[in-house]
Protein chains: 2
Amino acid sequence: MANLTKCIDMMDEGIGRVSTVIPQMPKAEARLSRLVLMVGSSLEQELEARLKPHQLNHSDFLTLMILYSRPDGHSTPGELCEFTSQGATNMTRIANALVKRGLITRRAGEADRRCVLIHITAAGRRLVQKMLPPLFPSISAMFAGFSEADKRHLSRLLRKLAHNLDQLSEAPHPPRTPR
Amino acid sequence: MANLTKCIDMMDEGIGRVSTVIPQMPKAEARLSRLVLMVGSSLEQELEARLKPHQLNHSDFLTLMILYSRPDGHSTPGELCEFTSQGATNMTRIANALVKRGLITRRAGEADRRCVLIHITAAGRRLVQKMLPPLFPSISAMFAGFSEADKRHLSRLLRKLAHNLDQLSEAPHPPRTPR
DNA sequence: ATCTTTTATTTCATTGATGAAATGTTTTCT
DNA sequence: AGAAAACATTTCATCAATGAAATAAAAGAT
C-alpha cells in the first residue's frame with residue numbers, strides 16, 4: 001500500500017547504485033521495465049479493489065467483459081483461456097462460479113459439439129452495465145494531465161513494447177536461437 | 001501464453017464495441033489502462049519464467065535486489081514490506097526462505113531493538129551477480145526500436161501515470177471526497 | 001511508572017492459481 | 001471404420017498470497 005512514487009524513487013536510486021557495480025547493465029531499459037511492472041501491478045491492485053464489492057476478481061471480470069464485448073455475447077472456454085491467459089483448469093473453475101451466479105450459461109456447441117458455448121446472460125449484462133460507469137471517473141483521472149499527443153505516444157510505445165515482448169517469448173530464453 | 005499482440009487487437013475491438021453501447025466510456029483511457037495491465041502482466045510472466053531456474057519468484061527477487069542495491073546491504077522487514085507491497089506475514093515467510101538458503105541473515109537492530117535487521121550475505125550477492133547479466137540481452141531486446149526520445153517519453157508518461165495513481169488511491173473510491 | 005504504540009513473528013484458516021493426469025466426447029484424418 | 005487429435009471437465013495435490021488474531025519485545029508518551 002506504499003506510495004508508488006516513493007517506490008519509484010527508491011527503484012531509481014537502487015538501479016543507479018547497482019549499475020555502478022555492474023556497469024554492463026542497460027540502465028535506462030532496466031528502469032523502464034521496472035516502471036512498467038510497478039505501474040502495472042499498482043493499476044491491477046486498484047482495479048481489483050474496485051471489483052471486490054461486486055465479488056469479482058480480475059479474471060472473472062475479464063471473462064465477463066470479453067463475453068459482453070462480443071457481438072453475439074458468447075465464446076468458448078478455449079478462447080477465453082487464450083485471451084485471459086488462464087489455464088483450462090482455471091477457466092473451468094471461473095465459469096463454474098459465474099454460472100452459479102447466473103451471469104453466464106454453458107451449452108453445447110452447435111457446429112462443433114466438442115466445444116462448449118459460453119453465453120453472457122441478461123443478468124450478466126446488467127451487472128456489467130451497472131459496474132462500468134462508476135469506474136469511468138477514475139479511469140479518466142488516471143490520465144489527468146495527459147495531452148492527446150501524450151496518450152497517442154503512450155499507446156504507440158506500449159504497443160511497440162508488446163510487440164517486442166512477443167518476439168522475446170517466441171524465441172526461448174538464453175540458450176540458442178532455434179535454427 | 002497467447003500472443004500479446006493478438007490479445008491487444010481483440011481488446012481494441014472489444015472496447016470499440018462496448019463504447020457503442022456505453023458511449024460515456026472514456027475510450028482512449030480505457031484502452032490505455034488495459035494496455036498497461038496487459039503489458040505489465042506479460043512482462044511479469046516473462047520475468048518469473050527467468051527467475052524460476054534460480055528458485056526465486058518475483059517477491060523473493062525484489063527483496064533480494066532491494067538489499068543488494070542498498071549501500072550497506074541491509075533493511076528491515078517493515079521497509080521491505082513497503083517497497084515490495086507485501087504484507088508482514090508474507091515478508092516473514094519470504095525472509096524465512098531466503099535465510100534458509102543462506103542468501104540473507106536476520107539479526108536484532110542496534111538502534112531500535114524492535115526492528116530486525118536483514119542483511120544480504122556474500123552468497124546472496126554472488127547469486128545476484130550471477131543471475132543479472134543473463135537478463136540484460138532480453139531487457140535490451142524489449143526496447144529494440146526505441147529511440148532515446150522514445151525511452152524518455154515512455155519514462156515520463158509512466159511516471160506521470162504513477163503520480164495520478166497515487167492521487168487516486170489516497171482519495172478513496174466513488175462515494176464522496178473527504179471534506 | 002504505567003499505558004500505548006510500534007515492530008515482527010506465529011498460528012490458523014482460506015483462497016486462487018497451477019499443473020499433471022485421467023476421462024469422455026466429438027471431430028478429423030487416412 | 002478405425003486411429004489420432006482436439007476440447008473440456010474432473011480430480012488431485014500443491015503452493016503462494018492473504019488476512020485476522022494472538023503473542024512478545026521494545027520504544028515512546030504522559
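To find a chain, count down the sequence lines: A is the first, B the second, and so on, and within it residues start at 1. Every heavy atom of this structure was used, including side-chain atoms; hydrogens, water molecules and symmetry mates were not.
For A/Asn90, counting side-chain heavy atoms from C-beta on, the closest listed nucleotide (C/dA8, C/dT27, C/dT18) is C/dT18. Ranking D/dA26, C/dT18, D/dT18 by closeness to the B/Gln86 side chain, first place goes to D/dT18. Taking only side-chain atoms of B/Arg93, from C-beta outward, the nucleotide of D/dA17, C/dT9, C/dA8 with the closest atom is D/dA17. Nearest to the side-chain atoms of A/Arg106 among the listed nucleotides C/dT26, D/dT9, C/dT18 stands D/dT9.
At least one cation-pi condition fails for A/Lys151 and A/Phe143: the charged atom is not both under 6.0 angstrom from the six-membered ring centre and inside a 45 degree cone around its axis.
Salt bridge annotation for A/Asp12-A/Arg34: absent, with no cationic side-chain nitrogen under 4.0 angstrom from a carboxylate oxygen. Between B/Lys6 and A/Asp166, none of the side-chain N atoms (NZ, or NE/NH1/NH2) sits under 4.0 Å from a carboxylate O, so this pair counts as no salt bridge.
Residue B/Thr76 has no polar side-chain atom (N or O) positioned under 4.0 Å from OP1 or OP2 of C/dT7. Put simply, B/Thr92 has no side-chain N or O that comes within less than 4.0 Å of OP1 or OP2 on C/dA8. In this model, the phosphate group of C/dA17 is approached by a side-chain N or O of A/Ser59 to a distance below 4.0 Å at OP1 or OP2.
Between A/Asp112 and A/Thr89, it is A/Asp112 whose nearest contact on DNA chain D lies nearer the 5' terminus. Nucleotides of DNA chain C nearest to B/Asn96 and A/Asp60 differ in position, and the one nearer the 5' end is that of B/Asn96. Between B/Glu110 and A/Lys52, the residue anchored nearer the 5' end of DNA chain D, judged by the nucleotide with its closest heavy atom, is A/Lys52.
Looking only at atom types and distance, the side chain of B/Ser155 has no donor-acceptor partner in the side chain of A/Arg31 under 3.5 Å away.
Remark: the A/Arg114 side chain and the C/dT25 base include no donor-acceptor N/O pair separated by less than 3.5 Å.
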